Protein chains: 2
Amino acid sequence: MGERPALSKGEMEVARVLWEIGPAGVRQVHETLSEQREIDFATVQTYLRRLERKGYASSRRDGRARIYSARTKPRTVIRETVDELVERLFGGDTMPLVRHLIEDRGLQAEDLDELRELIDRMEQGE
Amino acid sequence: MGERPALSKGEMEVARVLWEIGPAGVRQVHETLSEQREIDFATVQTYLRRLERKGYASSRRDGRARIYSARTKPRTVIRETVDELVERLFGGDTMPLVRHLIEDRGLQAEDLDELRELIDRMEQGE
DNA sequence: ACACTTCAAGTACAGTTGTACTGCAAACTT
DNA sequence: AAGTTTGCAGTACAACTGTACTTGAAGTGT
C-alpha cells in the first residue's frame, strides 16, 4: 500500500485538524485552524481539496456544505512522514532524532516517566 | 537568527552527506549519495547550489573544482526541521513523535539503555 | 421578491522542488 | 595536437505549494 503522495506542510496542519475534530466542513476546519494561525478560508478549502485528491481525505455533500473526513489514521501518516524525514536527514538512523527530542524540547517530568515505562516495556516485549 | 528558508527533502539528503564527509566537491557528494540511491550528478549539483543560495553551505573554487562546505551545524538544522514538523503535524506536542520513534522503529537494546540514561540525566540535571 | 450574506467551486499565479539536459572549458590519452 | 573524458555553469521545465481572488448559487432578513 501507501502510494499516496507525501503531505506538504500546509496539508499536514489541515489533516491534523481533521483528526482532531472529526468530519467537518470547510468552515469548521477554518475556524479551528484560525485559533492557531492566520489563514484564509479559501486556503483551507484548497488544502482540503488537495487532501482528498491525494487520498488522505474523503468528502460528501451535505446539503449546501461539503463534509470532509480523514481517510488515513494519524499513526500511518506519522509513520510515513517521520520515516521519510529520518531517512533523508539522518540516513535512517533514529537515535539522533530521539536524542534531540528528549534533550532539546522541554519534556515534562511525567513525560519522562512515561518514556521510562515505555522503554521498559520495549525491552522485554518482543 | 534563522531566516533561512527551510530545506527541501532532496536538499536535506545532500546536506547530510556534506556533514558526513566534510567539505567536498560535487563528484564526491554524488558518489556518496549514489551508494544509497540513484541520483543524477547534475541533480546533486543543483542541490548543492541551492544549499548555498539558502545559506546552508558555502563554496570556494579549488582549481577546476568547486568545494562545498556546510555552514550550518546538523544540530541547528535538526532543531529547525523537527520543530516545524512537530508544530504542523502534532500541534506542538512532542510526545506522539517520541512514542512513535521508540515503539515503531526498531531500536536496539543499547539504544534503549542509552535512552534510559538520557532520561535520568534530564530528570535531575535541569 | 429584492438586497444582502454565505459558502463551495473554480481559477490564478508566483515560488519551490525534483530532476535533468546542454554547452563549454580543463585535463587526460594516445 | 586531436579526441575523449570530466565536471562546472547555465538553463529547462513540469509538478507541487502556499496563498488567495472571483464567480455564482443558495440561504436569510425585510
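First the proteins, then the strands, lettered A, B, ... as listed; each starts at 1. All figures in this text were calculated on a predicted structure; none of them were measured in a lab.
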Participant: Please state how far atom CD1 in A/I39 lies from atom C1' in D/dT17, giving the value in whole angstrom units.
Facilitator: 12 Å

Participant: Rounded to the nearest angstrom, tell me the gap between atom CG in B/D40 and atom P in D/dT6.
Facilitator: 15 Å

Participant: Using a cut-off of 4.0 Å between protein heavy atoms and nucleotide atoms, how would you tag nucleotides 7-18 of chain C 5' to 3' with B, S and -?
Facilitator: SBBBB-----BB

Participant: Please report the distance, rounded to the nearest Å, between CG in B/L48 and P in D/dG7.
Facilitator: 14 Å

Participant: In this structure, how many angstroms lie between the C1' atom of D/dC16 and the CZ atom of A/R4, rounded?
Facilitator: 18 Å

Participant: Over how many whole Å does the gap from B/H30 atom NE2 to D/dC8 atom C1' extend?
Facilitator: 14 Å

Participant: For residues 53-92 of chain B, which residue pairs pass the ring pair (Phe, Tyr, Trp, His ring centres under 6.0 Å) check, not counting sequence neighbours?
Facilitator: none

Participant: Under a 4.0 Å threshold between the charged nitrogen and the carboxylate oxygen, would A/K9 count as salt-bridged to A/E13?
Facilitator: no

Participant: Write down the distance between CD (A/Q28) and P (C/dT6), rounded to a whole number of angstrom.
Facilitator: 17 Å

Participant: For a side-chain hydrogen bond (donor to acceptor under 3.5 Å, both in side chains) with A/E11, tell me which candidate from A/R16, A/R50, A/K54 qualifies.
Facilitator: A/K54

Participant: Just the rounded figure in Å: distance from P of D/dC8 to CG of B/L51.
Facilitator: 15 Å

Participant: What does A/R60 touch in the nucleic acid at a heavy-atom separation under 4.0 angstrom: a base, only the sugar-phosphate, or nothing?
Facilitator: nothing

